[in-house]
Amino acid sequence: MFAARSVVMFTLLPLFAGCQMLAPKSADTPASTAGMIRMQGELTGQNGKLMFQPCDEHRLYVVLDKGNTGILQETASVVDKNGKAFADLRGNFVASKAAGSEGELSLYQFYRVERPSDACMDPNFKRLTIHASGNGPKWNLNASGKGMVLERQGKEPFAVPYMEEQLPDGRFNLVTDANNQHVELWVAPQRCVDTVNGSVQHLTAQLRVNGQVQQGCAYYGGGRND
């Protein structure tokens, strides 16, 4: 399995080794992604181009990495044996006016890139504000406007209300005190790689429960328009 995945990755590497990899941030990079469209779907390499197909759609978009997000090399690190990856992206989508031809995606932000999964069918995504997880031991935290649910290996799920505090440089934390548990989730806008599944996410996370610290990664859910 590893050998097959490696062959696919190296087959795609010519796609990922172009000037976009090291190019400086371009003058047309916007200061904010507000007003752009966020979509989830599948990334593949086709005819020397990186293509994006949104969930439950047949349309294809050529990916233009206008925000220098590094999506090309990130995709190379997670493609499956069929050369596919799941991606959660934000940018400007321009559909083709000609039947059977490709549109364009001017990409400015990615939230996560990971191996193909059933993420397109996640029923909870739209209501989540943030998802965070880590390993050693495994933990998982989902937050929405109704509260947070913390799951930890070997422990019962912990569902409670919380408060959010905004910090400088795009950082924030979630805090709750309930059932003799003091829980904090500290989040920062920094690329993060899950050490178990290889998923690349746009936020780092640190979970603190009664002073015990665990590291992890995070991404914004559909309920947060950042």
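Just so you know, residue 1 is the first one in the sequence shown, and it goes up from there. These values consider heavy atoms only, across backbone and side chains, with no hydrogens, waters or symmetry-generated copies.
Remark: F158 CZ to M148 CE distance equals 8.5 Å, nearest 0.5 Å. Distance check, rounded to the nearest 0.5 Å: OG1 of T69 to CG of L107 gives 4.5 Å. To the nearest 0.5 angstrom, L105 atom CG is 12.0 Å from R90 atom CZ. To the nearest 0.5 Å, atom CG of residue L89 and atom CZ of residue F110 are 9.0 Å apart. K138 NZ to Q153 CD: the interatomic distance, rounded to the nearest 0.5 Å, is 8.5 Å. Here the CE atom belonging to M39 is positioned 10.0 Å from the SG atom belonging to C55, to the nearest 0.5 angstrom.
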Take N173 and V187 through the test side-chain contact (heavy atoms from CB on, under 4.5 Å) and record every step on the way to the result. CA-CA 6 Å; N173 67 340; V187 181; over 6 Å; no

What do the steps show when you test Q214 against Q212 for side-chain hydrogen bond (donor to acceptor under 3.5 Å, both in side chains), and what is the final call? CA-CA 7 Å; Q214 289 183 264; Q212 182 179 359; 4.8 Å; no

Please test L203 against C217 for side-chain contact (heavy atoms from CB on, under 4.5 Å), starting from the C-alpha separation and ending with a verdict. CA-CA 6 Å; L203 302 170; C217 300; over 6 Å; no

Evaluate side-chain contact (heavy atoms from CB on, under 4.5 Å) for N92 paired with I37, printing each intermediate quantity in order. CA-CA 6 Å; N92 292 318; I37 297 174; over 6 Å; no

Working for salt bridge (Lys or Arg N to Asp or Glu O under 4.0 Å), residues K66 and E104: CA-CA 11 Å; K66 293 295 186 68; E104 288 186 350; over 6 Å; no

Do V183 and L150 pass the side-chain contact (heavy atoms from CB on, under 4.5 Å) test, and can you show the C-alpha distance, the side-chain angles, and the key distance before you say yes or no? CA-CA 9 Å; V183 178; L150 173 62; 4.2 Å; yes

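Under a cutoff of 6.0 Å and an axis angle of 45°, R112 and F86 do not form a cation-pi pair. In this structure, R38 fails the cation-pi test against Y108, since its NZ or CZ atom is not both closer than 6.0 Å to the six-membered ring centre and inside 45 degrees of the ring normal.
Of all heavy-atom pairs between P189 and R171, the closest is CD-CG, 3.9 Å. Here the closest heavy-atom approach between residue V63 and residue M51 is recorded as CG2-C, 4.2 Å. Scanning all heavy atoms of the two residues, the minimum distance from L167 to W186 falls at CD1-CZ3, 3.5 Å. Closest approach of C192 to G216, counting heavy atoms only: SG-O, 3.4 Å. Taking each heavy atom of A85 and V78 in turn, the nearest pair found is CB-CG2, 3.8 Å. The nearest pair of heavy atoms linking A205 to L185 is CB-CD1, 4.1 Å.
Counting only heavy atoms from C-beta outward, the side chains of E74 and R191 approach each other to under 4.5 Å. With contacts defined as side-chain heavy-atom distances shorter than 4.5 Å, the pair Q46/L60 qualifies. Between S96 and Y61, every side-chain heavy-atom pair lies at or beyond the 4.5 Å cut-off. Residues V213 and L207 have side chains not in contact (no heavy-atom distance under 4.5 Å, counting atoms from C-beta outward). Side-chain atoms of V113 and I71, non-hydrogen and from C-beta on, do get closer than 4.5 Å to each other.
Under the 4.5 Å side-chain heavy-atom criterion for Ile, Leu, Val, Met, Phe, Trp and Tyr, Y162 and L141 are members of the same hydrophobic cluster. Hydrophobic clustering, with ILVMFWY side chains joined whenever heavy atoms are under 4.5 angstrom apart, keeps V94 apart from L64.
A distance-only check finds a donor-acceptor pair linking the side chain of T176 to the backbone of P161 [under 3.5 Å]. With hydrogens and angles disregarded, no donor-acceptor distance shorter than 3.5 Å links the side chain of Q73 to the backbone of S77. When atom types are taken as modelled, the side chain of D118 and the backbone of M121 share no donor-acceptor pair closer than 3.5 angstrom. Remark: the backbone N or O of V196 is paired with a side-chain donor or acceptor of D194 at under 3.5 angstrom.
Residues satisfying the ring-ring contact (aromatic ring centres under 6.0 Å, His included) criterion with Y220, sequence neighbours excluded, are H202.
The side-chain hydrogen bond (donor to acceptor under 3.5 Å, both in side chains) with N210 is formed by just one residue from the set E184, Q181, H182; it is Q181.
In this structure, R59 does not pair ionically with E102, as no charged nitrogen and carboxylate oxygen lie closer than 4.0 Å.
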Which pairs would a plain distance check flag for residues 123-131, meaning a side-chain donor or acceptor within less than 3.5 Å of a matching protein atom at least two apart in sequence or in another chain?
unit_1	atom_1	unit_2	atom_2	d
N124	OD1	R127	NE	3.4
N124	OD1	R127	NH2	3.2
T129	OG1	A143	O	3.0
H131	ND1	N142	OD1	2.6
H131	NE2	N140	OD1	3.4

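Pairs engaging residues 209-223 under the salt bridge (Lys or Arg N to Asp or Glu O under 4.0 Å) rule: none recorded [sequence neighbours left out].
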